[in-house]
Number of protein chains: 2
Amino acid sequence: MAIDEKRLYSSNEVFKSLKIPFRYLRKLLILLSKNGLLVSVQGKNGGYRIAKNLVDISLLDIIQTVGDDQVINKCFFGFEGCAFEKKCAIHDKWAAVREHINDVLSSTTLAELKESGPQSFISNNN
Amino acid sequence: MAIDEKRLYSSNEVFKSLKIPFRYLRKLLILLSKNGLLVSVQGKNGGYRIAKNLVDISLLDIIQTVGDDQVINKCFFGFEGCAFEKKCAIHDKWAAVREHINDVLSSTTLAELKESGPQSFISNNN
DNA sequence: CTTAAATAATACCTCCAGGTATCATTTATG
DNA sequence: CATAAATGATACCTGGAGGTATTATTTAAG
């Protein structure tokens, strides 16, 4: 959708170039809309469009909507109060890792992905 | 078990100080033995002992036996041949993250954990 | 206004990693 | 030897994330 960010894409159209299950794709599109990453237009000729500038949507934004950001937030050993009461054995090392991941994900935007070409981030061959 | 590395610990004994399900613990101990991280002694008065010097067992070793090292090895976008045929959009950035994780896990040994004290890596309060 | 083409809401199903259950084997001890 | 206390092998079960099904709503166009 970033290829033409002003246009409206129907779920059907997106489906054709993505090879993930149609109904699941629909669910994700709705989720992304609810979370403000996409704008949806209902009714006939409706569809979805990217809601902001490409440069303002990061991989982290998307993951936080659609995926699972546990690695980024959890203590390595799973301690609930890690760093509040007492640090776990590798707290600092692991916090650095998490920060690294965070940096990469939050600094990589759709604009950047678009630049490197669709085939470098769209998986349509499984 | 690193607290006294020369001693034999029965699964029952380990169980008492760990609060994870007994049968699951047994399974893990067997797995760790099979993979050479523990030495097991069968029969009455049997048990387990750490198989090597504490400094030669890393978190990575343990995870590779008992856990799931996908994050460390997989392409961010899940491309199978990433970096062989063509790099994905964030290949280099993500490779750096993976290497960072690898560094931390492979350089953190049981010896180091032991130094920072059992309560900083043993989770017995869930 | 009716129809058809789209999205929205909600409830349900399925697969598999994480966890269990059962039985077999090994060995110290009296 | 028999027993009990330990580990080993193997097959099975289950909760919940990932995926599916069904029905409701919205809207352009003739």
Side-chain angles (χ1 to χ4, degrees), chain A residues 1 4-51 59 62-78 123-124 126, chain B residues 1 4-51 59 62-78 123-124 126:
Chain A
M1 294 168 73
D4 185 348
E5 28 176 332
K6 296 305 166 204
R7 217 183 99 209
L8 224 51
Y9 292 80
S10 74
S11 51
N12 220 298
E13 187 180 0
V14 176
F15 171 66
K16 282 178 188 150
S17 59
L18 230 46
K19 288 180 184 154
I20 65 174
F22 180 67
R23 286 162 189 279
Y24 185 48
L25 169 64
R26 297 253 349 248
K27 187 176 185 172
L28 296 181
L29 290 171
I30 291 170
L31 242 186
L32 289 163
S33 300
K34 273 196 188 161
N35 283 273
L37 297 185
L38 297 179
V39 169
S40 80
V41 174
Q42 283 184 277
K44 193 170 179 180
N45 304 329
Y48 303 89
R49 175 193 325 118
I50 290 178
L59 289 178
I62 297 171
I63 287 173
Q64 280 171 340
T65 295
V66 124
D68 158 16
D69 58 1
Q70 291 219 330
V71 217
I72 311 170
N73 295 313
K74 266 186 28 181
C75 163
F76 179 81
F77 292 102
S123 170
N124 62 1
N126 309 310
Chain B
M1 295 170 72
D4 185 350
E5 28 177 332
K6 295 306 165 201
R7 216 183 100 211
L8 224 51
Y9 292 80
S10 73
S11 50
N12 221 297
E13 188 180 0
V14 176
F15 171 66
K16 281 178 188 148
S17 60
L18 229 46
K19 287 179 185 154
I20 65 173
F22 179 66
R23 288 163 187 280
Y24 185 47
L25 169 64
R26 296 241 1 240
K27 187 177 185 171
L28 296 181
L29 290 171
I30 292 170
L31 242 187
L32 289 163
S33 299
K34 274 194 190 163
N35 283 272
L37 297 185
L38 297 178
V39 169
S40 80
V41 174
Q42 283 184 274
K44 195 172 179 181
N45 303 329
Y48 302 89
R49 174 195 322 120
I50 290 178
L59 288 177
I62 297 171
I63 287 172
Q64 279 171 341
T65 295
V66 125
D68 159 14
D69 57 0
Q70 291 219 330
V71 216
I72 310 170
N73 296 312
K74 268 187 25 183
C75 164
F76 179 81
F77 291 102
S123 169
N124 62 0
N126 309 311

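Note: hydrogens, waters and symmetry copies are ignored here, and every other heavy atom, side chains too, is used. Chain identifiers are assigned alphabetically (A, B, ...) following the order of the sequence lines, protein sequences preceding nucleic acid strands; residue numbering begins at 1 within each chain.
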Report all interatomic pairs (protein N or O, nucleotide N or O of nucleotides 13-17 of chain D) with separations under 3.5 Å.
none

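- A:Y9 has its OH atom 18 Å from the C1' atom of C:dT7, to the nearest Å.
- Heavy atoms only, all atoms of each residue included: A:M1 and A:R49 are closest at CE-N, 3.7 Å.
- Remark: B:E5 pairs with B:L54, B:K114 by the side chain to side chain contact (heavy atoms under 4.5 Å, CB included) rule, at least two apart or across chains.
- Taking only side-chain nitrogens and oxygens, B:S11 comes nearer than 4.0 Å to OP1 or OP2 of D:dT7.
- Rounded to whole Å, atom P of C:dT7 lies 13 Å from atom CZ of A:R49.
- Put simply, the side chain of B:Y9 gets close to the backbone of B:D4: a donor and an acceptor are under 3.5 Å apart.
- Residue B:K27 is the one, among B:R23 and B:K27, whose nearest nucleotide of DNA chain C lies closer to the 5' end (criterion: closest heavy atom).
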I'd like a table of atom pairs between the protein and nucleotides 28-30 of chain C - only N or O on both sides, under 3.5 Å - with the distance next to each one.
{"residue": "C:dA28", "atom": "O3'", "partner": "B:N45", "partner atom": "ND2", "Å": "3.2"}

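- A search for salt bridge (Lys or Arg N to Asp or Glu O under 4.0 Å) contacts involving A:R7 returns A:E13, not counting sequence neighbours.
- Rounded to whole angstrom, the span from the OH atom of A:Y24 across to the P atom of C:dT14 amounts to 17 Å.
- In this view, A:F22 and A:F15 satisfy the ring-ring contact (aromatic ring centres under 6.0 Å, His included) rule, not counting sequence neighbours.
- The interatomic distance linking A:F15 (CZ) with C:dA6 (P) rounds to 14 Å, in whole Å.
- At whole-Å resolution of the value, CD1 in A:I30 and P in D:dT25 are 15 Å apart.
- A donor-acceptor contact shorter than 3.5 Å links the side chain of B:D68 to the backbone of B:Q70.
- Taking atom CE of B:M1 as the reference point, atom C1' of D:dT7 lies 13 Å away to the nearest angstrom.
- For A:S40 and C:dA8, the shortest distance from a side-chain N or O to OP1 or OP2 is below 4.0 Å.
- Atom CG in A:L28 sits roughly 13 Å away from atom C1' in D:dT20 (whole-Å rounding).
- Residues B:V39 and B:A51 come closest through the heavy atom pair CG2-CB, 3.6 Å.
- In this structure, CZ of A:R26 is placed 7 Å from P of C:dA8, rounded to the nearest angstrom.
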Stepwise, does the side-chain contact (heavy atoms from CB on, under 4.5 Å) test hold for A:L38 with A:I50? CA-CA 5 Å; A:L38 297 179; A:I50 290 178; 4.1 Å; yes
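- Applying the side chain to side chain contact (heavy atoms under 4.5 Å, CB included) criterion to B:L28, with sequence neighbours excluded, gives B:I20, B:Y24, B:V66.
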